[in-house]
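Notes follow once the structure below has been shown.
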Amino acid sequence: MMHSKQDFISKIHLIISLLIVIPVAFIYGFNPSSSFDLQVNTLDEHSFFKAIMGVYLAFSVVWLLGLFKAKFLKVALVTNMVFMLGLGFGRIMGFFIDGMPNMNLVFGAFGELILGFYGIWVLNRP
């Protein structure tokens, strides 16, 4: 998995992402109201959150492949960067349009942006 300092630098944010995204995926899919101020009442709402769970888990598979298979590393880095920046900028836009959510989501937005920008940095290293 990681054999050198270069591997560590290139992959640490993938590991951090996996440690956060996989549990959050299951929370979204099976009990979103446990961590967020929302009520999921209809089958359509449950389906929506299960789909979000599926997307999160699918991206996690790509990142796992990047950790263990060198030929998937660049794809893992790019998808992680796009995923994290998309979430982070979407949340920031929501702050301005909708107002401030709870501090967990504010903290999450900044974490997503840090991971996304770290991914840009890793991809642009010589």
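In this chain, residues are counted from 1 in sequence order.
With rounding to the nearest 0.5 angstrom, the NE2 atom of His13 is 12.0 Å from the CZ atom of Phe8. We find the CZ-CZ distance between Arg91 and Phe96 to be 15.5 Å, quoted to the nearest 0.5 Å. Note: Ile52 CD1 to Leu57 CG = 11.5 Å, rounded to the nearest 0.5 Å. Here the OG-CD1 distance, from Ser60 to Ile22, works out to 4.0 Å after rounding to the nearest 0.5 Å. A distance of 9.5 Å separates CG in Leu64 from CD1 in Ile15, rounded to the nearest 0.5 Å.
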Please set out all donor-acceptor pairs under 3.5 angstrom arising from side-chain atoms of residues 70-90, sequence neighbours excluded.
{"from": "Thr79", "atom 1": "OG1", "to": "Trp63", "atom 2": "NE1", "distance (Å)": "3.1"}
{"from": "Thr79", "atom 1": "OG1", "to": "Val75", "atom 2": "O", "distance (Å)": "3.0"}
{"from": "Thr79", "atom 1": "OG1", "to": "Ala76", "atom 2": "O", "distance (Å)": "3.1"}
{"from": "Asn80", "atom 1": "ND2", "to": "Ser17", "atom 2": "OG", "distance (Å)": "2.9"}

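A continuous path of hydrophobic side-chain contacts links Tyr28 to Phe48 [ILVMFWY only; heavy atoms under 4.5 Å]. Grouping the Ile, Leu, Val, Met, Phe, Trp and Tyr side chains by contacts below 4.5 angstrom, directly or via other members, places Val122 apart from Leu65. Cluster annotation: Phe117 and Leu115 are assigned to the same hydrophobic cluster (Ile/Leu/Val/Met/Phe/Trp/Tyr, side-chain heavy-atom contacts under 4.5 Å, transitive). Following chains of ILVMFWY side-chain contacts shorter than 4.5 Å, one cannot reach Leu105 starting from Phe107, and the two form parts of different hydrophobic clusters. Transitive grouping of hydrophobic side chains (ILVMFWY, heavy atoms separated by less than 4.5 Å) brings Met100 and Leu113 into a common cluster.
Listed here is the closest heavy atom pair of Pro32 and Leu38: CB-CD1, 3.9 Å. Across every non-hydrogen atom of Val106 and Phe95, the tightest pair is CA-CZ, 3.8 Å.
For Lys69, the NZ atom is loosely surrounded, since the number of other residues' heavy atoms within 6.0 Å does not exceed 12. In Leu19, the CG atom is crowded: over 12 heavy atoms of neighbouring residues, nucleotides or ligands sit closer than 6.0 Å.
Remark: the backbone N or O of Ile9 is paired with a side-chain donor or acceptor of Tyr118 at under 3.5 angstrom. Not a single donor-acceptor pair under 3.5 Å links the side chain of Ser10 to the backbone N or O of Asp7.
Taking 4.5 Å as the limit, every side-chain heavy atom of Phe59 sits out of range of all side-chain heavy atoms of Val21. Taking the side chain as every heavy atom from C-beta outward, Val40 and Ser33 never approach each other to under 4.5 Å.
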